[in-house]
Participant: 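Got a structure for you, written out below as structure tokens; questions coming shortly.
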Amino acid sequence: MSAASPDLVVFTPLPPARSGIAAYSAELLPLLAAHLRLAVVVARLADKVALPGCEVLAEMEYRARPGLAARPHLFQLGNSMDHAHVYRAALRSPGILVLHDPVLHHLVEALTLGRGDWAGYEQALAAEYGEAGRRLARRRRQGLFDPAQRFLLPLNGAVLDRARGVLVHSRFAAGRVTRIGGPEVRVVPHHLSPLVAAAAGLGKAEARARCHLPPDRPVLLSLGHATPAKRIDLVLEAVARLRDAGSPLLHVIAGAVEAGFDLEGMVARLGLGDRVRITGWLGEAEFLAYARAADLLVNLRWPLAGESSGALVRALGLGLPALVDAAGPLGEYPDAVVAKFPPGPDPAPRLATAIAGLLAAPAALAARGAAAAAHLRVAADPALSVAAYLRAVRDWGESSFAPAGSGLREAVPEP
């Protein structure tokens, strides 16, 4: 990259951070760099990696170059500690916010309660929700807390107040963050990874051999970071029912498991030790190989926070048929592209029936997978994302820098 001042400063994590947003940025930003000079800011010197066409800086290097503060900023923001430096920067500087996770409560919680800072957590809730938020924080300290509060109180208002404009990946997410008097919100679908084209030629038999999967058993896949919100407990109940009905189904949970989520305990309690494989975190090549090896992907979420699944986009782009929720961002896919699981009572038997029905019709399942791949190649073309980012920079990329003066930053101390 030339020594000229950048057209855009982007705060984001980058691989090897185990964040889907890190992978998203590493794929998209070099394409954007064909049109703009980019300075990309990661958290620490140890996080710096080469990124084609981009100048990559650690946050301390960014601060040592005060002229950068006056350039247009863009923030790739998600809901994990990989994005702590992005969150702090989005509070300091007005800019373009790419909100991958409309619910940021988990991140604010980690930045405050994760450090024993109850006062900071209370301040963050009070700043956004007034006296009611303050009372909820105090009650939580007394042991009164329902995890659903994280989703009902998304704690995204502080960064939305500073944003000049917001990009999200679904209409559902747009509905969660659009506010009267707030910044304009635009929907930009999650792009299809360029790695998918390279993996598309991998046959199922070869993929199964590579993943050490049996060649002749149906394989159900849960792909990506394994968390309670992905309803894996429900999927395991459905798998147990299918086992009891005589199905030889193998369920592969391919991805890192969230700390504290007792997935192995659930598998043991249901007696599914020989029916479930938990891989742990996977690199991109392994990740895509499992997507090629499986027969069906199941991708469910509750509560509905509004994030979009990059893992699902990759899998559909590879032609893997999927069963997803009929509500939220996943419900926005065309019916011909994904099978949809409707909300309702007694979900475990209904899910078992849905999985069995899809696997019993391999020709229809293959047709659905082909339709998914064709749809994603058009609807999730990275060129569409680049064009949307360029429009956002044109429309919202003003360069005036104004430090936050509201006190909101005090709830998120510098490291």
Side-chain angles (χ1 to χ4, degrees), residues 18-19 77-88 90-91 99-161 173 176-177 179 224-237 253 255-270 278 300-307 325 327-328 343 345 347-348 406-415:
R18 294 180 178 181
S19 155
L77 184 57
N79 196 15
S80 74
M81 283 295 285
D82 287 320
H83 305 90
H85 77 293
V86 183
Y87 182 76
R88 287 191 296 265
L91 292 179
L99 194 57
H100 295 263
D101 293 306
V103 174
L104 297 177
H105 198 124
H106 304 73
L107 174 58
V108 176
E109 184 180 281
L111 288 166
T112 53
L113 299 186
R115 297 167 175 171
D117 183 9
W118 281 96
Y121 180 69
E122 180 180 322
Q123 182 182 352
L125 278 168
E128 191 151 341
Y129 305 111
E131 200 54 37
R134 188 181 304 281
R135 287 195 300 270
L136 284 168
R138 290 177 178 176
R139 288 176 180 174
R140 180 170 186 177
R141 190 168 191 176
Q142 295 167 352
L144 300 174
F145 178 69
D146 185 332
Q149 287 176 307
R150 297 186 180 106
F151 298 89
L152 297 172
L153 306 172
L155 280 174
N156 56 26
V159 289
L160 290 173
D161 286 343
R176 290 215 65 173
V177 303
R179 303 182 300 173
H225 198 56
T227 69
K230 292 187 178 178
R231 306 181 78 184
I232 293 177
D233 57 340
L234 172 61
V235 180
L236 291 173
E237 288 184 45
I253 301 171
V257 180
E258 180 179 282
F261 184 32
D262 186 18
L263 197 52
E264 291 186 353
M266 292 181 193
V267 171
R269 284 191 292 275
L270 290 167
I278 304 170
L300 306 176
R301 282 193 178 273
W302 185 262
L304 294 173
E307 69 270 45
D325 285 300
S406 65
L408 292 172
R409 280 186 62 209
E410 296 174 14
V412 190
E414 301 291 347

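The first residue in the sequence is number 1, and the count goes up from there.
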Participant: Go through it in stages, so that I can follow the logic: the residues are L263 and L236, the test is side chain to side chain contact (heavy atoms under 4.5 Å, CB included), and I'd like the CA-CA distance, side-chain angles, deciding distance and then a yes or no.
Facilitator: CA-CA 10 Å; L263 197 52; L236 291 173; 4.0 Å; yes
Participant: Pair Y87, M81 - check side chain to side chain contact (heavy atoms under 4.5 Å, CB included), show working.
Facilitator: CA-CA 9 Å; Y87 182 76; M81 283 295 285; over 6 Å; no
Participant: Just verifying a value: how many Å separate L234 CG and W302 CH2, rounded to the nearest 0.5 Å?
Facilitator: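 CH2 of W302 is found 13.0 Å from CG of L234.
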Participant: Can you confirm whether D325 sits close enough to R231 that some side-chain heavy atom of one is under 4.5 Å from a side-chain heavy atom of the other?
Facilitator: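 Heavy-atom side-chain distance check passes, below 4.5 Å.
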Participant: Might you point out which heavy atoms bring I253 and A226 nearest each other, and give the distance in Å?
Facilitator: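 Minimum heavy-atom separation between I253 and A226: CG2-CB, 4.1 Å.
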Participant: Specify the closest pair of heavy atoms between R134 and A126, including all atoms of both residues, with the distance to one decimal.
Facilitator: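 Heavy atoms only, the tightest pair is NH2-CB, 3.4 Å.
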Participant: Any idea which heavy atoms bring D82 and S19 closest together, and the distance?
Facilitator: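 That closest heavy-atom pairing would be OD2-CB, 3.6 Å.
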Participant: Distance-only, no hydrogens or angles: does the E237 side chain make a donor-acceptor pair with backbone N or O of A348 under 3.5 Å?
Facilitator: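 No; zero donor-acceptor contacts below 3.5 Å.
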Participant: Minimum heavy-atom separation for P154 to P102, with atom names?
Facilitator: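 Taking every non-hydrogen atom into account, CB-O, 3.7 Å.
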Participant: Is any NZ, NE, NH1 or NH2 atom of the basic residue among D233 and R269 found under 4.0 Å from an Asp or Glu carboxylate oxygen of the other?
Facilitator: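 Not counted as a salt bridge, because no side-chain N and carboxylate O are separated by less than 4.0 Å.
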Participant: If you compare all heavy atoms of R150 against all heavy atoms of V103, which two are closest, and at what distance to 0.1 Å?
Facilitator: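 For R150 and V103, the tightest heavy-atom pair comes out as O-CG1, 3.3 Å.
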Participant: Shortest non-hydrogen contact from G78 to D101?
Facilitator: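 In this case the closest contact between G78 and D101 is CA-OD2, 3.3 Å.
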Participant: Do R140 and L113 make a side-chain contact, defined as non-hydrogen atoms from C-beta onward lying under 4.5 Å apart?
Facilitator: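 Yes. Closest side-chain heavy atoms under 4.5 Å.
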Participant: Has the side chain of H106 got a donor or acceptor atom that lies under 3.5 Å from a matching backbone atom of N79?
Facilitator: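 Side chain of H106 to backbone of N79, a donor-acceptor pair under 3.5 Å: no, none is there.
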Participant: Can you find a heavy atom in the side chain of H225 that is under 4.5 Å from one in the side chain of R18?
Facilitator: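 No, every pair of side-chain atoms sits at 4.5 Å or beyond.
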Participant: Output, in order, the C-alpha distance, side-chain angles, deciding distance and verdict of side chain to side chain contact (heavy atoms under 4.5 Å, CB included) for L160 and E128.
Facilitator: CA-CA 11 Å; L160 290 173; E128 191 151 341; over 6 Å; no
Participant: Has Y129 got a side-chain atom pairing as donor or acceptor with L155's backbone, closer than 3.5 angstrom?
Facilitator: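 Indeed, once roles are kept as given, a pair shorter than 3.5 Å links the two residues.
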